[in-house]
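For reference, the structure is listed below as structure tokens.
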Amino acid sequence: MKEIDPAVMNRNFLEKIGSGQVKEAAEASTEFTRLTLREEGLLRKVLPPKTITPADLDKQLDTDKPVKIVDKEVSQPLSVSVPFGTLPTNQYIRGARYRVDFARLLTKNYTKDVIELGQYDYDIRNMFKDNAIKDHQTLEDVPWFNLCRTICSSTSDPTALVGNAASQISGKVQFYDFQDASKNPYAITGFSRDSLASAFTIMTRGYGDPTVSTPVRLHTDLCVMNVTTGMEFVKLLPEEIGRPLSERMMSEGLVVDTFLGKRFLFTIKDDVVANGEMFMFAKPQFLGVFFELEQPTMFIENRAYLLEFFIYSCIGATIGNAYGVAMAKFPVP
Amino acid sequence: MGLALKLNFTKGWPNPAIFEVSSTAADATEYGQIDEGKIAILDVNGKWVIQSLEAAAIGATPALKNRMPFVLWNGAAKDGDHGAPFSATNHYAQVQWGGIQGIGFSNPIEFETSQFTGTPAVGDVLTVDANGQLKTAAAGDLIVAICTKASHKIAAGVPGAAASTSSQTAITVIPDMSKRTA
């Protein structure tokens with residue numbers, strides 16, 4: 001792509017606004033906004049968003065806010081072995097559903113006198129816009145991970161997780177704490193091949209009465225931790241990860257994103273995923289849904305010499321299967 | 001939850017210059033009390049609290065007189081965009097975006113609200129009770145609003161006999177930020 005002088009870009013942008021082509025400028029910026037969503041945020045990688053339209057929504061009796069109802073699988077009775085001549089008993093079929101409500105996300109309304117805007121040698125408008133998009137993504141991520149903590153917590157306090165204690169939502173243990181040997185069933189502490197492999201058993205352990213219905217069992221598909229915690233992989237010795245990988249990481253750093261057959265996502269957002277935390281997610285179809293009703297859109301207005309712009313979107317997400325989330329905590333300061 | 005309108009701004013909202021705050025309830029108990037049209041204040045953490053501003057409450061905590069009342073609007077009816085809490089019994093959980101919007105009493109607004117008790121008359125000065133509802137102020141109560149139209153029906157868009165779905169009984173008020181007591 002040919003480099004364009006930012007000062008020229010600012011003036012061209014202003015000319016478009018000045019000539020009354022506000023819609024074109026908005027559309028161009030809107031297109032540019034979508035194309036340059038470089039870092040899609042963590043939630044978007046865990047649960048890829050599906051764009052829907054108002055026609056896809058489900059009207060409700062109790063609200064005129066946008067709502068989407070999603071069906072989900074339920075447990076069902078097991079088969080039985082019977083003598084000849086026995087007829088089956090009846091079981092009426094009924095499924096379950098869950099609700100996805102939506103909310104609007106907004107950036108600040110950025111304002112500038114256009115005279116001042118043209119005096120910058122870099123595209124300051126674009127910089128603010130790009131940063132605003134990143135803020136938008138962080139706003140998507142923070143509540144998601146707070147919700148994951150809530151699901152894994154044995155109390156309603158997502159900041160006070162207790163290892164090896166049943167989730168208040170699912171009734172199943174969904175958090176192992178490897179900072180304390182008494183807070184995980186393996187009595188392991190520290191970050192090691194052992195503790196990592198043990199963490200993956202959270203989801204694979206069956207939950208539910210096996211005499212009534214098939215227990216809930218899932219596989220971890222994606223793990224999320226921050227890069228500080230990720231450095232613990234680099235510290236693993238050859239006898240844990242093999243000499244070739246150990247040597248490679250010694251020279252190249254954390255270059256692998258698959259360990260023990262699980263995909264890993266390493267994030268720099270240590271304010272969203274704290275040091276030592278590892279979130280484990282099942283495949284999206286076993287986890288939940290993330291809908292975009294309004295994709296991130298920029299609104300621009302120029303009144304005389306004052307330029308204003310902000311970005312807005314409308315999204316909704318629900319973890320429909322609370323068993324599809326698990327957490328582990330390692331001693332990483 | 002429901003489509004019945006409990007609050008209607010007759011003047012002043014929407015307005016890009018309006019002073020409004022979007023926040024969440026201070027705790028689960030407060031969340032249970034919050035509803036559209038109720039009057040709330042922000043606690044020291046910036047969270048919504050339903051708080052009486054009557055004489056007894058003011059006497060116990062004089063600093064309450066300094067708090068700005070807000071009328072709760074979007075999201076307060078627990079109908080979606082505040083971020084619904086998880087459903088433990090149904091094993092699903094919604095991600096909590098959105099919030100509960102409050103319109104500050106410092107704004108030049110007039111609104112109809114069904115969140116009142118008693119029979120305020122035109123010109124009556126009003127305070128807030130422990131349920132966040134407006135009532136005619138008694139001696140010592142903090143005055144937060146003035147009644148500009150006594151009890152009347154406001155249409156919710158569905159004609160019919162049932163009051164809860166067809167219309168609400170409301171009063172019309174304007175804020176009073178003089179911080180005087182009755």
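Residue numbers begin at 1 in each chain, while the letters A, B, ... track the order of the sequences. All heavy atoms count here, side chains included; hydrogens, waters and symmetry mates do not.
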Residue pair A:Asn146 / B:Gln96, side-chain heavy-atom distance below 4.5 Å: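 They are not in contact (no side-chain heavy atoms under 4.5 Å apart), so the answer is no.
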
Side chains of A:Glu140 and B:Trp97 in contact at under 4.5 Å (non-hydrogen atoms):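 Side chain of A:Glu140 against side chain of B:Trp97, heavy atoms only: contact under 4.5 Å found.
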
Heavy-atom proximity to chain B below 4.5 Å, by part of A:Ala317: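 Both parts, backbone and side chain.
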
Part of A:Ile315 within contact of chain B (heavy atom distance under 4.5 Å):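 Both the backbone and the side chain of A:Ile315 come within 4.5 Å of chain B.
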
Do other residues, nucleotides or ligands put more than 12 heavy atoms under 6.0 Å from [X] [atom1]?
X        : atom1 : answer
B:His152 : NE2   : yes
A:Gln76  : CD    : no
B:Phe19  : CZ    : yes
A:Lys50  : NZ    : no
A:Lys112 : NZ    : yes
A:Phe310 : CZ    : yes

What's the shortest heavy-atom distance between [X] and [Y], and which atoms?
X        : Y       : value
A:Arg99  : B:Gln94 : O-CD, 3.3 Å
A:Ile169 : B:Ala93 : CD1-CB, 4.3 Å
A:Ala103 : B:Gly98 : CB-N, 3.4 Å

